[in-house]
Every structure is written in structure tokens, then in C-alpha cells.
Amino acid sequence: MSYSMLAVVGSFTYPSTSAPNPKLCNATLRRKEFISLLKNCKDANQILPIHAKIIRTGHDQDPFVLFQLLCLSSTLSSVNYASTIFQQVRNPNVFLYTALIDGFVLVGSYSDGIRLYYQMIDRFIVPDKYVITSVLKACEYRFALREGKEVHCQALKLGLCSNRSITMKLMEFYGKCGEFDNARKVFDKLTERDVVASTIMINCFLDHGLVKQAVQVFDRVRVKDTVCWTAMIDGLIRNGEMNMALELFREMQKDNVKPNEVTVVCVLSACSQLGALELGRWVHSYIGKHHRIELNHFVGGALINMYSRCGDIDEAERVFAMMKERNVITYNLMISGLAMHGKSIEAVDIFRGMIKQGILPTSVTFVAVLNACNHGGLVDLGFEMFHSMSKDYGIPPQIEHYGCIVDLLGRVGRLKEAYNFIQNMEIAPDHVMLVALLSACKIHGNLELGEQVARILINHGGVDSGTYVLLSNVYASSGKWKEAAQIRAKMKEGGILKEPGCSSIEVNNEIHEFLLGELRHPQKGKIYKKLEELNQILKAGHTPATDVVLHDIEDWEKEQALAIHSERLAICYGLISTKPGTTIRVVKNLRVCDDCHSMIKLLAMITGRKIVVRDRKRFHHFENGKCSCGDYW
DNA sequence: GTAGGGTTAG
């Protein structure tokens, strides 16, 4: 036993809470007993006493015992501890190398894993299939193409390339590095191109947006299992192909393949992005009926997210209350959900409850809490939270947190303070923050500061279409048509296209999409009729806020252009296709304009309907002529 | 005598 080894043990405090294991008192513990002790160990606190005993009984160079010790300490405790143990081993074999490389991969120290592999090669230790797959994993995550190719060559020389695990990892490695030809070559060489290999190949393509190629491989799989279907559905969702993903989910069931926990989490994610509440509810009831899918962190979190983002915040809260175990992500999702819906006090209460439970917040938690303060105009509390994050939790504020404060001050009209806050920040402002301030300037009618911010924004470069539109609108709203036109010209010059407004509504399990000024719906006639009818009723009590459109055209023309904002079409379709009294839920890709906002308030009053609109930033609950955002968004 | 195929929420 070496002194340095004792130093390693000595650097860890003996946990007073864990009772001494009586087995350890037996001085004649043998290797097998050590191994089974290590294998059954579930608590990091138990590693240290076991390790101490291993050293005392002279088993500290036993490769079999060391292997278990390395595996355990890198998964339960820390890879640094495992690494220090490894350094004390006089002749580490391939097993020990594999265990430590795995440990490095687990914590994301991929380069260390690769370096360790090369050290092993330098010591003339012959790699086996296990260490090859481990180092390939490290190469894959590190995008270390050159090293991975070298490992591939070594595997070929050693005759290991017929091994299935290696070929699978090779495909994953080449796929992640974007070398589809190489991935494909490995795939094509397989004698058995089964569902597992195909799933990996499908993932390779979907990781890089190659949907067509993925579908081709998917279609050729004869017997698709749950994982294969799920990988395909998840990949489509990651590539923005929501409807295709949901279609596949239906097909999967027709094919009698049972969704598992992962499948429902993926499908719920699609629902939340689309605002497909009905389907989301169906998935929820499916989970309720099929007890093999439990309401764990993943499923619970996905449900909370889905209900929040589909506009049913009450149901999100019910799911949250039902969950037996919640982690920090569960809390983060619930807090952001409540914030999105303007339920600021409730969000802060959840945050406080989380702290009481002893769950440590992350930087994401603070973004959510600060957002909640924003939507409720809780300035003092917002500042309190902002200061608390670094003071009490050691989390340094990032650009998003600074942005929340700017938003917070902007909302209540403290524009100068917001501007000073930006100037005194330790980091450079990003364009999200400047846009937030510009938007506040527009809402509070401070054109002077608005122009100042606009100049900074333009000089900043990298401005997107939304910002240009906002800039142009700031000018247009004060009648400065020339400046507005200049912005539009700049937009054209830079080849920046205005992102087309798009709203969707779910009716009878189907998502109906409406684009700005374009109606290609089978019920087109009826929708226009409803639109006209409502326009007539509204005319009496509502003068359109025509300053929000880009063009300096005649008023009546402006009215026409406004009349067909996509959310209006979606709402009209909702009105004609659902029973009276049904809540109408619309999802929009951009932010709602002033005019539509005030029009929907009236519409909700006249029709006696609740109208819920999710825009790019938050939720608007329209009821009885009022909106939950308090007219600030 | 040491050890895995693919899918998971902010």
C-alpha cells in the first residue's frame, strides 16, 4: 500500500451518517466479497470505507476488485477519484482502461478519455471490443474525426470490425461527425441490417436534418419496434416536422406497436409546440390507462410543459400537484408555465416551495422566476431575485437574467433606468435585450430613447426581420414615414424577408394553419363571411390602430391589410367550427399586434367566448373585454 | 473470472 493512496482516502471525509458495515469488520474479506460489496453499493458515501478496507487488506492492485471500484466510483462518486485510484495501479489492464474511459465519457471529459486510450496504446496494451466502443463514444461526442478514424483502422487490423457493438458505434460516430458516406458504408456492410442498426442510421440522418434519407431507411425496416418508431417520431419533431411526427404516431398505433414512456414524452413535446391540446389530453389519458408508463420526471415534465404551452395552465398545475417526485426541471417547467400565463404570484410561490423542499435552483430557474416578476410588474421582487441568485446560490447572472431586468423596468415605464442598467452591465448587451427596450419605448411612447436604441441595434448588425419590423413600426407609430421606409429599404437591401405571420388552431384533433393574407381552407367562404360579419359589429366600438402596419397607404387599405392577420382567420374558423361557449385557443408564430389585441378583447366580449392566444412571447387570455397581459406584451 | 446495440422534459 502506498502513502499517496492513503492520502487519496484521507482527502475524503468519513461520512458520519452512514453506519459502519459489519461485513467490513471481517478482516478476511476476499476478492469475491469485495466485488459483490461494490456491485451492490448504491450510495457514494459507502465507497470510501470499502476502498479503505481494500487497501488495508492488500487488494489494491487486484484488477478484478479495481475494475468494480473504478466503475462504481466514476458513476456514483467522481471521475477524479476514479482517476486518482487508476494512477496508483502499477500495471493497469484493458479492463481498467475501459472503466476509466467510460467514467470520463460519463462526465463529458471526452478528450481525457481519448488521451487515456492513446496512453494505453503507447503502453502496448492490445485493445479489445469493449475499449474500442468506449473510445469511439468519446470520439463521437468530441467530434474527433481523425482519432475516431484511427481507432477504426486499429479495429480493422485487430479483426474486430465484424463485432456488432463496434459497427454500431462506428455508425454513430461517423453519423455524429456528419460523415454519412462512411456511416452508410458500415451499415451496408452489415450482414444483418436489423431494426437496431436501422434506428442508428435513422438517427444519423435526423441529427443533421436529412429527413428524406431517414424516411427511406425507416420505410425499409420490416419489423419496427417501439424504439425505432420513437426515434423516427422524435427526429421529425427535432426537425420541425410536427404534423408528420403526429401522423407517424397514429400509424404506429395502427401497426399495433405500443408507445412507451419515451414515445409519449416526444409526442407531448410535439403537442406543446403545435398547441395541440386535444391530442395532448388524449396522450395524458393514455398514460393514465397504461400503468406501465409511470408519471416520472420525464413524463410529468412533458405533461406540465404541454398543458402550459397549450394554454391549459390549470391542468398543468394539477399534474404538478399529482407528481410524487419533482426535480429542479419539474419546478422550472411549472414556474415558466405560470409566468407565461401571467400568474406571477403563483410562480413565485412555487419557487419558494421548491427552496423549502431543499431543491437547489439553477440559472434556468431564475430566468423563469424573473419572467414571472416581469409579467406581473413585480419590480422590487425581481431585483431581489436578481441579487439573490449570485449572493445566495452562487449563480452568476447571465445575459438572459440581465435581459429580464431590462424587460421588467421597461414594462413599468422606467425606460431611462432600463437604459442606464444596460450601460452599467458587466457584459455587453445582446440584441434580444435591446429589442425588449425598443418595444417598451414603443409601448410607452418614448420615441427619443426608442430612436437611440434603434441606432445601437442597427450598428450592432445581425438584426432579424422581427427587429426591422419593430423599428419600422416605432417610426410609423409617430408618423415618421420616411424613416419607416428607410428601415424597410435596409431590410430589402440586406435580403431580409419578413417572417410570414402564421396562426394555427386545433379542431377535432386536426391542426389548421392560417397564413397572413392567404386563405386556402376548404371552408374559406364561411370564414370570410364570419370575418365580415364581425368586422361590421366591431366597427361601431372599435377604430383600428392603423399605425401598426408597415405601409403608408390609405387608411381603408390599411384596414384591409389588418383584417386578415392570421390570428383573425384562425379565430373565425374557431368560431364557426366549435360549439358556442367553447374556449378558442390559437397559436401564433409572431407577436400579436396592437390592433388585433384590442379587437380580440372586443371579440371575446361580443361572442361570450374565452379566447386564448399564444404568441411568440407569452399567453393572452381574453375574457369579458380584457386580456390577462394587462395590455403589455 | 472482470462489461452495453438504438429512442426521453427547461
Side-chain angles (χ1 to χ4, degrees), chain A residues 31-32 34-36 38-39 62-71 93-99 101-102 105 128-134 136-137 163-172 175 187 190 192 194-204 206-207 217 221 224-238 252 257 259-273 293 295-309 316 319 323 326-337 339-340 361-368 371 400:
Chain A
R31 168 196 282 169
K32 270 191 180 170
F34 272 130
I35 291 173
S36 85
L38 288 163
K39 272 188 169 170
D62 182 327
F64 294 91
V65 174
L66 279 167
F67 177 74
Q68 296 299 339
L69 184 61
L70 285 185
C71 288
N93 62 10
V94 67
F95 289 91
L96 301 188
Y97 273 102
T98 313
I101 292 172
D102 280 342
V105 171
D128 66 1
K129 61 176 182 176
Y130 292 103
V131 78
I132 298 262
T133 52
S134 293
L136 277 176
K137 244 184 280 176
N163 177 272
R164 211 171 148 69
S165 306
I166 291 180
T167 48
M168 297 296 128
K169 276 287 163 288
L170 275 172
M171 279 167 56
E172 276 180 36
F187 180 64
L190 284 173
E192 198 192 346
D194 66 354
V195 62
V196 176
S198 303
T199 306
I200 294 172
M201 202 62 228
I202 287 166
N203 244 335
C204 286
L206 291 173
D207 273 345
V217 178
V221 184
K224 304 175 182 82
D225 61 7
T226 303
V227 179
C228 185
W229 278 102
T230 306
M232 191 68 214
I233 291 170
D234 173 55
L236 286 173
I237 295 167
R238 279 187 285 128
M252 170 183 182
V257 183
N260 65 10
E261 165 199 325
V262 185
T263 325
V264 298
V265 168
C266 294
V267 173
L268 286 170
S269 157
C271 293
S272 65
Q273 291 179 58
I293 303 176
L295 193 68
N296 61 13
H297 291 155
F298 281 101
V299 177
L303 279 170
I304 292 172
N305 191 40
M306 182 277 292
Y307 279 121
S308 302
R309 294 176 62 103
V319 173
M323 286 172 72
R326 308 177 188 114
N327 63 10
V328 65
I329 298 178
T330 325
Y331 278 95
N332 290 351
L333 286 164
M334 192 67 249
I335 298 168
S336 335
M340 241 187 271
T362 63
S363 75
V364 179
T365 317
F366 282 101
V367 173
N371 260 323
E400 303 93 301

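Just so it is clear, the values below take in all heavy atoms, side chains as well, and ignore hydrogens, waters and symmetry mates. All of these numbers come straight from a predicted model, not from anything done at the bench. Letters A, B, ... mirror the listed sequences (proteins, then strands); counts begin at 1.
Listed nucleotides: B:dA9, B:dT8, B:dG6. Nearest to the side chain of A:N305: B:dA9. Distance from the side chain of A:F64 is smallest to B:dT2 among B:dG10, B:dT2, B:dG6. The side chain of A:V265 lies closest to B:dT8 when the candidates are B:dG10, B:dT8, B:dG6. For A:I329, the side-chain atoms get nearest to B:dG10 when compared with the rest of B:dG6, B:dG10, B:dT2. For A:T133, whose side chain is taken as the heavy atoms from C-beta onward, the closest listed nucleotide among B:dT2, B:dT8, B:dG4 is B:dG4. The nucleotide whose nearest atom lies closest to any side-chain atom of A:D102 is, among B:dA3, B:dG4, B:dA9, B:dG4. Each of B:dA3, B:dT8, B:dG6 was ranked by its minimum atom distance to the side chain of A:V196; first place goes to B:dG6. In this structure, the nucleotide among B:dT8, B:dG10, B:dG6 sitting nearest to the side chain of A:I200 is B:dG6. With B:dG6, B:dA3, B:dT7 as the choices, the nucleotide that has an atom nearest any side-chain atom of A:E172 turns out to be B:dG6. Considering only the side chain of A:V364, B:dG10 comes nearest among B:dT8, B:dT2, B:dG10.
No hydrogens or angles were tested; on distance alone, nothing pairs the side chain of A:N296 with the base of B:dA9 as donor and acceptor under 3.5 Å. Residue side chain A:S134 reaches the base of B:dG4 through a donor-acceptor N/O pair under 3.5 Å, judged by distance alone. Below the 3.5 angstrom threshold, one finds no donor paired with an acceptor across the side chain of A:Q68 and the base of B:dT2. Judged by distance alone with a 3.5 Å cut-off, no donor-acceptor contact links the side chain of A:T230 to the base of B:dG6.
Among the atoms of the strands shown, none is found under 4.0 Å from any heavy atom of A:N371. Counting non-hydrogen atoms under 4.0 angstrom, A:C71 reaches nothing in the nucleic acid. Among the atoms of the strands shown, only primed sugar atoms or phosphate atoms (P, OP1, OP2) are found under 4.0 Å from some heavy atom of A:N203.
Remark: side-chain polar atoms of A:N203 are not paired, donor with acceptor, to backbone N or O of A:L206 under 3.5 angstrom. Between the side chain of A:K137 and the backbone N or O of A:S134 there is no donor-acceptor pair closer than 3.5 Å.
At least one side-chain nitrogen or oxygen of A:K39 sits closer than 4.0 Å to the OP1 or OP2 atom of B:dA3.
Atoms CG and OH, from A:D128 and A:Y97 in turn, are 13.5 Å apart once rounded to the nearest 0.5 Å.
For A:N296, the side chain to side chain contact (heavy atoms under 4.5 Å, CB included) criterion is met by A:E261, A:E294, A:F298, A:V299, not counting sequence neighbours.
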